[in-house]
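Please read the structure below before turning to the comments.
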Amino acid sequence: MRKLHQVCLVMLLISLAAGAASAQSFRVQCPTSTVTHPTAANNNSEPAYAGPTYTGTSGFPATPAHVNGAIKCQQISGGDGYATMGDGTQEYMFSFGPLSGIADIANGLPGTQFPNGFNTQYTGAPLQPGDPATTGLGAFRYNGAIGLAPDLDNGGVINGHVDPRQIMDIGVMNGNIPAPLMAIDEDDEFFLTLTNVGMIMRPDLFEQHTVHFHGYPNASAFYDGVPDASVAINIGGSFTYYYLAPDAGTYFWHCHITPPEHLQMGMVGQLYVRPRQNRVAVGSSLFTALSNQQGDLRTACNSATDILCSNPLPAGGSAGNTATQVAGGKYAYNDGDGSTYYDVEYPIQIHGFDPTFHFVGMTFNPEGFTDMKDKFFLLNGRSYPDTVTTGPLQTQSADGVNHFAQPLPAIINIPAGKKALLRISDLDVTEYQTLASLGIPMKVIGYNAKLLRDQAGNNMYYNTNSITLGGGESLDVILDATGYTAGSVFYLYTPNLDHLSNDAENFGGLMTEVRIN
């Protein structure tokens, strides 16, 4: 009789779990307008910056003189997958994968979309597991939300209603290393939907997932992704995080459920915020534009009263800073003097895998957290020589289908005479990491998403041949190819010799090429 009661109890728990799962929703959220961005037609491109929107302490003004930024959206899956290391070994991962912008991500771009791109319904041939690797990049151009479908209960409108079959077809075993890249602009409203599709290789794990923007100045704990003060997303559910983007710089994001485990297994990626200065009108004074920004109390930087002020006006005043905006101007920060200008940018994300820990993660054995030791060392999810391979890397997963598990190349191409911005993040769990650049010095301009400038407005940039980062740190580095001839090749690599290997195989690890072309 006791065994019968136990069986009934197990059946009851299973039925309750199934009922809870069926009550979950895979909805997405990407509004075309909000109170902060009231005109839908203006939210599908970045407007020019003319002056601050927020000029007081009472929140968003009823009739702002300037509406800055736009609306951006992205959807990601939380699940599992496989990636191939430089020696051919396949490693199992807990990982995030793309559920929007997947064509852009497969081409090495951020997956972040404007509403008119995100809210586009797919009308081509039925999506297949592994897309776009299954269909091929030449034939796949869709960047909208996967599974987006008309809501027939509400007149067939596109309102975030989705077909869960399509999400499961694409999201299962679709993990990326690093996690999908995100890029937004200051003053954007960013809607990020996390959909937990479950870990197919570990059906015994009812793992929740979250998104935590590490070091990001988010005012609301509810959207911070730390489950103690926020929410955690169950299998079969979706949740949309909301951010109003301030403070340009390079950040990273990760799952905050059992962080040492989930980060080591691959649930970590990069986010960067572009500065308002990019949107200043051509020919306008950059110093004046930065002066105007001091009227926005969300991001104002008064060095006389704020000891944490990180981007005061540059020293010398307007007379000593005569830089003006150029056509297509791109800057790492709101510098006011044009000193963080660059022509091309590359995210460089450092990570490491412990193959023993990953193998145990695929089994039912206890994980040895204290014995964790990286053996594969990765730049953008790849170790040399895969770092200099162009295009996404495919891995055949346990479903027998190829997936773009490592979509982001790590090779650096700089046009002769131009400048490259390297957004370097250390996403490693166990190791300090060092990168050296011989031939082209690195100019370090930002640290942990803060411009290197003192309170008097003096730039504290420095040139170096090597940088060292701990886990959770980031640096913004400019490589200047002025004076170098096309065809020159240099190396960005680690001088830690034991990190120049792919497990037991030498001549791999943290190394890539810098090519002048």
Side-chain angles (χ1 to χ4, degrees), residues 44 72-77 79 81-86 88 90 93 95-149 162-163 165-183 197 269-270 344-347 349 379-382 385-415 512-513 515 517:
N44 295 311
K72 302 277 178 62
C73 304
Q74 194 161 346
Q75 186 182 15
I76 56 174
S77 63
Y82 288 88
T84 303
M85 301 295 100
Q90 286 193 354
M93 305 183 295
S95 47
F96 294 107
L99 283 175
S100 67
I102 60 177
D104 281 352
I105 288 173
N107 281 294
L109 302 172
T112 316
Q113 305 291 317
F114 289 105
N116 63 348
F118 186 92
N119 290 325
T120 301
Q121 183 185 0
Y122 181 75
T123 57
L127 295 171
Q128 300 298 316
D131 269 333
T134 304
T135 301
L137 283 180
F140 196 92
R141 290 290 182 267
Y142 180 63
N143 279 313
I146 297 299
L148 196 65
V162 295
D163 174 4
R165 169 61 187 270
Q166 290 286 275
I167 287 179
M168 295 302 289
D169 280 347
I170 300 299
V172 167
M173 301 302 297
N174 193 39
N176 282 187
I177 179 69
L181 183 63
M182 302 174 186
V197 300
Q270 194 181 79
V344 293
E345 68 181 341
Y346 292 96
Q349 300 164 76
L379 292 174
N380 291 349
R382 310 177 184 206
D386 291 341
T387 52
V388 296
T389 301
T390 58
L393 295 184
Q394 300 185 46
T395 294
Q396 188 178 77
S397 295
D399 56 0
V401 175
N402 285 338
H403 298 260
F404 286 149
Q406 295 139 286
L408 192 61
I411 191 168
I412 300 166
N413 291 295
I414 312 177
T512 188
E513 294 180 0
R515 298 177 180 174
N517 53 40

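Predicted, not measured: the structure shown is a model, and the values here were computed from it. Position 1 is the first residue of the sequence; numbering continues from there.
Nearest heavy atoms, Pro409 versus Gly391: CG-N, 3.8 Å. Minimum heavy-atom separation, Gly97 to Pro180: C-CG, 3.6 Å. Nearest approach of Ala103 to Phe140, heavy atoms of both residues: CB-O, 3.9 Å. Taking every heavy atom of both residues into account, Pro385 and Gly86 meet most closely at CD-O, 4.5 Å. Contact record, Ser100 with Ala145: CB-CA, 4.0 Å, taken as the closest heavy-atom pair. Counting all heavy atoms, side chain and backbone alike, Ile102 lies closest to Asn143 at N-OD1, 3.6 Å.
Gln270 contributes no side-chain N or O that, together with a main-chain N or O of Asn380, makes up a donor-acceptor pair within less than 3.5 Å. Under the 3.5 Å distance criterion, the side-chain polar atoms of Asp399 are matched with a main-chain donor or acceptor of Val401. Checked by atom type and distance alone, the side chain of Thr134 pairs as donor or acceptor with a backbone atom of Pro129 at under 3.5 Å. Of the possible donor and acceptor atoms, none in the side chain of Tyr142 sits under 3.5 Å from a partner among the backbone N and O of Pro132. Using modelled atom types, no side-chain atom of Asn107 and backbone atom of Asp104 make a donor-acceptor pair closer than 3.5 Å. With hydrogens and angles disregarded, a donor-acceptor distance shorter than 3.5 Å links the side chain of Gln406 to the backbone of Gly381.
Within a 6.0 Å radius of CZ in Arg141, more than 12 heavy atoms belonging to other residues, nucleotides or ligands are found.
Annotation: side-chain hydrogen bond (donor to acceptor under 3.5 Å, both in side chains) contacts of Asn44 (sequence neighbours excluded): none. Scored by the side-chain hydrogen bond (donor to acceptor under 3.5 Å, both in side chains) test, Gln166 finds no partners at all (sequence neighbours excluded). Annotation: side-chain hydrogen bond (donor to acceptor under 3.5 Å, both in side chains) contacts of Thr112 (sequence neighbours excluded): Gln74.
Using a 4.5 Å heavy-atom cutoff, the side chains of Ser77 and Ile146 are not in contact. Contact of the Gln113 side chain with the Thr120 side chain is not registered, since no non-hydrogen atoms from C-beta on lie closer than 4.5 Å. Under the 4.5 Å side-chain criterion, counting only non-hydrogen atoms from C-beta, Asn413 is in contact with Asn517. Taking 4.5 Å as the limit, some side-chain heavy atom of Asp131 sits within range of a side-chain heavy atom of Ile170. Two residues are said to be in side-chain contact when any heavy atoms from C-beta on lie closer than 4.5 Å; Asn174 and Pro98 meet this criterion. Ile411 is not listed as a side-chain neighbour of Tyr346, based on a closest heavy-atom distance of 4.5 Å or more.
Rounding to the nearest 0.5 Å places CD of Gln394 at 10.0 Å from OG1 of Thr84. From Leu99, atom CG reaches atom CG of Leu148 across 12.0 Å, with rounding to the nearest 0.5 Å. How far OG1 of Thr395 is from CE of Met85: 7.5 Å, rounded to the nearest 0.5 Å. One finds the CD atom of Glu513 at 10.0 Å from the CD1 atom of Ile412 (value rounded to the nearest 0.5 Å). Put simply, OH on Tyr82 and CD on Gln396 are 11.0 Å apart, with the number rounded to the nearest 0.5 Å. Taken from NZ in Lys72 to CE in Met182, the straight-line distance is 13.0 Å, to the nearest 0.5 Å.
Checking each of Ile76, Leu181, Asn176 against Ile105 for a side-chain contact (heavy atoms from CB on, under 4.5 Å) leaves exactly one that passes, namely Asn176. Only one option out of Leu379, Ile177, Leu408 pairs with Gln349 in a side-chain contact (heavy atoms from CB on, under 4.5 Å); it is Leu408.
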